[in-house]
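Structure first, then comments.
First the proteins, then the strands, lettered A, B, ... as listed; each starts at 1.
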Amino acid sequence: KNEVEQSPQNLTAQEGEFITINCSYSVGISALHWLQQHPGGGIVSLFMLSSGKKKHGRLIATINIQEKHSSLHITASHPRDSAVYICAVPNTGNQFYFGTGTSLTVIP
Amino acid sequence: EAGVAQSPRYKIIEKRQSVAFWCNPISGHATLYWYQQILGQGPKLLIQFQNNGVVDDSQLPKDRFSAERLKGVDSTLKIQPAKLEDSAVYLCASRQRNGNTIYFGEGSWLTVV
(Lines give C-alpha, C1' and ligand atoms only; values in the text may rest on other atoms or scores of the structure.)
Protein backbone atom coordinates (compact mmCIF):
# COMPACT_ATOMS: atom_id res chain seq x y z
CA LYS A 1 0.00 0.00 0.00
CA ASN A 2 1.31 3.45 -0.90
CA GLU A 3 1.70 6.00 1.83
CA VAL A 4 -0.12 8.55 -0.35
CA GLU A 5 -3.16 7.67 -2.45
CA GLN A 6 -4.79 10.03 -4.92
CA SER A 7 -8.08 9.90 -6.77
CA PRO A 8 -9.10 10.02 -9.46
CA GLN A 9 -6.12 9.00 -11.57
CA ASN A 10 -7.52 10.71 -14.65
CA LEU A 11 -10.11 13.44 -14.90
CA THR A 12 -11.67 15.15 -17.90
CA ALA A 13 -13.84 18.21 -17.37
CA GLN A 14 -15.62 20.82 -19.42
CA GLU A 15 -14.39 24.38 -19.13
CA GLY A 16 -16.10 26.09 -16.22
CA GLU A 17 -16.69 22.97 -14.17
CA PHE A 18 -15.81 22.68 -10.48
CA ILE A 19 -13.08 20.08 -9.98
CA THR A 20 -12.06 18.11 -6.90
CA ILE A 21 -8.97 15.96 -6.52
CA ASN A 22 -8.56 13.87 -3.38
CA CYS A 23 -5.52 12.75 -1.44
CA SER A 24 -5.37 10.30 1.47
CA TYR A 25 -2.23 9.49 3.40
CA SER A 26 -1.31 6.93 6.03
CA VAL A 27 1.66 8.58 7.77
CA GLY A 28 1.82 11.28 10.39
CA ILE A 29 2.68 14.59 8.79
CA SER A 30 3.65 18.14 9.60
CA ALA A 31 2.46 19.52 6.26
CA LEU A 32 1.03 18.38 2.96
CA HIS A 33 2.01 19.71 -0.46
CA TRP A 34 0.00 20.03 -3.63
CA LEU A 35 2.17 20.18 -6.76
CA GLN A 36 1.35 20.90 -10.38
CA GLN A 37 3.21 19.39 -13.32
CA HIS A 38 2.53 20.67 -16.84
CA PRO A 39 3.29 18.53 -19.90
CA GLY A 40 6.92 19.10 -20.82
CA GLY A 41 7.50 21.14 -17.71
CA GLY A 42 8.82 20.71 -14.24
CA ILE A 43 6.89 20.68 -11.01
CA VAL A 44 5.56 23.77 -9.30
CA SER A 45 4.48 23.91 -5.69
CA LEU A 46 0.87 25.14 -5.39
CA PHE A 47 0.19 24.84 -1.69
CA MET A 48 1.75 23.72 1.52
CA LEU A 49 -0.78 23.32 4.31
CA SER A 50 -0.88 21.82 7.74
CA SER A 51 -4.45 22.64 8.76
CA GLY A 52 -7.68 24.14 7.51
CA LYS A 53 -7.89 25.70 4.10
CA LYS A 54 -5.81 27.81 1.73
CA LYS A 55 -6.95 29.69 -1.34
CA HIS A 56 -4.97 31.04 -4.28
CA GLY A 57 -6.99 32.45 -7.12
CA ARG A 58 -9.31 29.71 -8.36
CA LEU A 59 -7.49 27.02 -6.42
CA ILE A 60 -8.54 25.93 -2.95
CA ALA A 61 -6.82 23.30 -0.83
CA THR A 62 -8.26 21.79 2.34
CA ILE A 63 -6.88 19.33 4.82
CA ASN A 64 -8.40 17.26 7.63
CA ILE A 65 -5.54 16.07 9.83
CA GLN A 66 -7.72 13.70 11.88
CA GLU A 67 -9.02 11.95 8.80
CA LYS A 68 -5.63 12.15 6.99
CA HIS A 69 -7.28 13.56 3.93
CA SER A 70 -6.79 16.57 1.70
CA SER A 71 -8.64 17.92 -1.30
CA LEU A 72 -7.65 20.28 -4.09
CA HIS A 73 -10.51 22.18 -5.70
CA ILE A 74 -10.45 24.19 -8.90
CA THR A 75 -13.33 26.57 -9.45
CA ALA A 76 -14.36 27.71 -12.95
CA SER A 77 -11.85 25.37 -14.56
CA HIS A 78 -9.98 26.49 -17.67
CA PRO A 79 -8.01 24.59 -20.32
CA ARG A 80 -4.78 26.06 -18.95
CA ASP A 81 -5.47 24.14 -15.73
CA SER A 82 -4.76 20.92 -17.66
CA ALA A 83 -1.84 19.31 -15.87
CA VAL A 84 -0.91 16.53 -13.50
CA TYR A 85 -1.63 17.36 -9.86
CA ILE A 86 0.48 15.55 -7.29
CA CYS A 87 -0.01 15.28 -3.56
CA ALA A 88 3.15 14.92 -1.46
CA VAL A 89 3.85 14.52 2.25
CA PRO A 90 7.23 14.76 3.97
CA ASN A 91 8.61 11.84 5.91
CA THR A 92 10.90 11.82 8.91
CA GLY A 93 13.94 11.38 6.69
CA ASN A 94 13.61 14.85 5.14
CA GLN A 95 12.20 13.22 2.00
CA PHE A 96 8.75 13.05 0.46
CA TYR A 97 6.14 10.44 -0.26
CA PHE A 98 4.42 11.27 -3.55
CA GLY A 99 1.04 10.25 -4.86
CA THR A 100 0.91 8.92 -8.40
CA GLY A 101 -0.77 12.10 -9.58
CA THR A 102 -4.11 13.03 -11.09
CA SER A 103 -4.03 13.85 -14.79
CA LEU A 104 -6.55 16.64 -15.47
CA THR A 105 -7.73 17.62 -18.92
CA VAL A 106 -10.07 20.60 -19.25
CA ILE A 107 -11.86 20.75 -22.57
CA PRO A 108 -12.89 24.14 -24.01
CA GLU B 1 15.30 34.40 -7.09
CA ALA B 2 16.58 31.96 -9.72
CA GLY B 3 15.00 28.53 -9.63
CA VAL B 4 16.50 25.08 -9.91
CA ALA B 5 18.28 24.78 -13.25
CA GLN B 6 18.61 21.51 -15.12
CA SER B 7 20.19 20.50 -18.42
CA PRO B 8 19.78 19.11 -20.93
CA ARG B 9 15.98 19.35 -21.11
CA TYR B 10 15.67 16.50 -23.60
CA LYS B 11 17.95 13.63 -24.54
CA ILE B 12 17.49 10.63 -26.81
CA ILE B 13 20.11 7.90 -26.68
CA GLU B 14 20.45 4.30 -27.74
CA LYS B 15 20.50 1.55 -25.14
CA ARG B 16 23.93 0.84 -23.71
CA GLN B 17 25.02 4.44 -24.31
CA SER B 18 25.73 6.82 -21.46
CA VAL B 19 24.13 10.11 -20.48
CA ALA B 20 24.75 12.80 -17.86
CA PHE B 21 22.35 15.31 -16.38
CA TRP B 22 23.32 18.47 -14.57
CA CYS B 23 21.53 20.37 -11.82
CA ASN B 24 22.18 23.73 -10.22
CA PRO B 25 19.98 24.15 -7.12
CA ILE B 26 18.73 27.39 -5.63
CA SER B 27 21.58 29.28 -4.02
CA GLY B 28 22.02 28.38 -0.39
CA HIS B 29 19.93 25.22 -0.49
CA ALA B 30 21.82 22.53 1.35
CA THR B 31 19.57 19.61 0.39
CA LEU B 32 19.46 18.35 -3.19
CA TYR B 33 17.38 15.48 -4.54
CA TRP B 34 17.36 13.54 -7.79
CA TYR B 35 14.05 11.89 -8.66
CA GLN B 36 13.08 9.57 -11.48
CA GLN B 37 9.53 9.90 -12.77
CA ILE B 38 8.24 7.29 -15.17
CA LEU B 39 5.18 8.27 -17.19
CA GLY B 40 2.00 7.80 -15.17
CA GLN B 41 3.80 7.44 -11.85
CA GLY B 42 4.83 9.77 -9.06
CA PRO B 43 8.48 10.79 -8.63
CA LYS B 44 10.77 8.16 -7.10
CA LEU B 45 13.74 9.31 -5.07
CA LEU B 46 17.08 8.20 -6.49
CA ILE B 47 19.48 10.06 -4.23
CA GLN B 48 19.48 12.78 -1.59
CA PHE B 49 22.47 15.00 -0.80
CA GLN B 50 23.02 17.20 2.23
CA ASN B 51 25.73 19.64 1.13
CA ASN B 52 28.24 17.33 -0.61
CA GLY B 53 27.39 14.22 1.41
CA VAL B 54 24.99 11.45 0.42
CA VAL B 55 22.08 11.08 2.87
CA ASP B 56 20.15 8.37 1.05
CA ASP B 57 20.95 6.47 -2.13
CA SER B 58 19.13 3.26 -1.25
CA GLN B 59 17.00 3.34 -4.41
CA LEU B 60 19.79 4.28 -6.80
CA PRO B 61 20.64 1.39 -9.17
CA LYS B 62 24.33 1.64 -8.44
CA ASP B 63 25.37 -0.78 -11.14
CA ARG B 64 24.47 1.82 -13.76
CA PHE B 65 23.59 5.08 -12.00
CA SER B 66 25.98 7.43 -10.24
CA ALA B 67 25.63 10.92 -8.84
CA GLU B 68 27.93 13.42 -7.25
CA ARG B 69 27.82 16.86 -5.67
CA LEU B 70 31.48 17.55 -5.20
CA LYS B 71 31.42 21.13 -3.91
CA GLY B 72 28.01 21.00 -2.29
CA VAL B 73 26.41 23.09 -5.02
CA ASP B 74 25.97 21.65 -8.55
CA SER B 75 25.21 17.99 -9.03
CA THR B 76 25.46 15.54 -11.90
CA LEU B 77 23.56 12.30 -12.42
CA LYS B 78 25.04 9.76 -14.80
CA ILE B 79 23.59 6.62 -16.35
CA GLN B 80 25.96 4.13 -17.94
CA PRO B 81 24.98 1.94 -19.69
CA ALA B 82 21.39 3.04 -20.27
CA LYS B 83 18.52 0.56 -20.54
CA LEU B 84 15.15 1.00 -22.21
CA GLU B 85 13.43 1.12 -18.82
CA ASP B 86 15.49 4.20 -17.88
CA SER B 87 13.26 6.30 -20.15
CA ALA B 88 11.79 8.82 -17.74
CA VAL B 89 11.94 12.39 -16.53
CA TYR B 90 14.81 13.06 -14.16
CA LEU B 91 13.87 15.77 -11.72
CA CYS B 92 16.26 17.70 -9.57
CA ALA B 93 14.93 19.45 -6.48
CA SER B 94 16.39 21.48 -3.66
CA ARG B 95 15.39 22.61 -0.23
CA GLN B 96 16.76 24.79 2.54
CA ARG B 97 18.21 22.87 5.47
CA ASN B 98 15.23 23.49 7.76
CA GLY B 99 12.73 24.54 5.12
CA ASN B 100 9.44 22.84 4.39
CA THR B 101 9.17 23.78 0.74
CA ILE B 102 10.83 21.79 -2.00
CA TYR B 103 11.64 23.45 -5.31
CA PHE B 104 11.79 21.43 -8.51
CA GLY B 105 13.64 22.01 -11.75
CA GLU B 106 12.01 21.68 -15.16
CA GLY B 107 13.23 18.12 -15.48
CA SER B 108 15.41 16.31 -17.98
CA TRP B 109 13.46 14.02 -20.31
CA LEU B 110 15.34 10.89 -21.30
CA THR B 111 14.27 8.54 -24.04
CA VAL B 112 16.28 5.36 -24.52
CA VAL B 113 15.71 3.63 -27.85
Side-chain angles (χ1 to χ4, degrees), chain A residues 1-11 21-51 54 56 61 63 72 83-105, chain B residues 1-10 21 23-26 29-51 53-60 88-111:
Chain A
K1 185 184 186 302
N2 292 330
E3 291 82 4
V4 181
E5 300 276 359
Q6 279 185 244
S7 65
Q9 265 195 309
N10 297 286
L11 182 57
I21 300 169
N22 295 301
C23 175
S24 297
Y25 52 92
S26 58
V27 295
I29 66 167
S30 56
L32 180 143
H33 300 252
W34 280 103
L35 310 170
Q36 181 190 56
Q37 186 174 35
H38 278 278
I43 294 177
V44 174
S45 178
L46 295 175
F47 294 104
M48 182 181 69
L49 67 165
S50 55
S51 66
K54 283 191 176 181
H56 182 67
I63 189 168
L72 176 68
V84 175
Y85 293 85
I86 301 172
C87 173
V89 299
N91 66 14
T92 54
N94 206 25
Q95 296 165 12
F96 288 84
Y97 296 114
F98 292 92
T100 54
T102 295
S103 179
L104 171 66
T105 302
Chain B
E1 174 181 79
V4 177
Q6 287 190 245
S7 67
R9 287 295 317 278
Y10 304 96
F21 301 115
C23 173
N24 187 11
I26 293 175
H29 283 197
T31 306
L32 184 147
Y33 309 85
W34 281 103
Y35 289 93
Q36 180 194 59
Q37 186 180 20
I38 293 172
L39 191 64
Q41 300 179 17
K44 180 186 104 173
L45 179 69
L46 291 175
I47 190 167
Q48 176 188 351
F49 291 96
Q50 185 74 16
N51 296 311
V54 175
V55 174
D56 185 350
D57 63 357
S58 57
Q59 297 193 80
L60 187 74
V89 180
Y90 292 86
L91 294 160
C92 179
S94 72
R95 180 180 184 179
Q96 289 179 316
R97 179 183 287 274
N98 296 315
N100 280 323
T101 302
I102 186 169
Y103 297 85
F104 286 87
E106 291 282 297
S108 292
W109 292 71
L110 174 65
T111 301

Practice problem: Determine whether more than 12 heavy atoms belonging to other residues, nucleotides or ligands lie under 6.0 Å from atom CD of Q9(A). | Solution: no
Self-check item: Contacting region of T31(B) [heavy-atom separation from chain A under 4.5 Å]
Solution: side chain
Quiz item: Do Y35(B) and F98(A) have ring centres separated by under 6.0 Å?
Solution: yes
Practice problem: Write down the atom of L35(A), the atom of F104(B), and the distance for their closest heavy-atom approach. | Solution: CD1-CE1, 4.0 Å
Quiz item: Checking Y97(A) against chain B: side chain, backbone, both or neither under 4.5 Å from a heavy atom?
Solution: neither
Practice problem: Search all heavy atoms of I102(B) against all heavy atoms of S45(A) and return the closest pair with its distance. | Solution: O-CB, 4.4 Å
Quiz item: Who pairs with S103(A) by side-chain hydrogen bond (donor to acceptor under 3.5 Å, both in side chains), at least two apart in sequence or on another chain?
Solution: none
Practice problem: List in chain and number order the residues that pass side-chain hydrogen bond (donor to acceptor under 3.5 Å, both in side chains) with Q36(A), two or more places apart in sequence or in another chain; answer none if no residue qualifies. | Solution: H38(A), Y85(A)
Quiz prompt | Any V84(A) side-chain heavy atom under 4.5 Å of Q37(B) side chain | solution = no
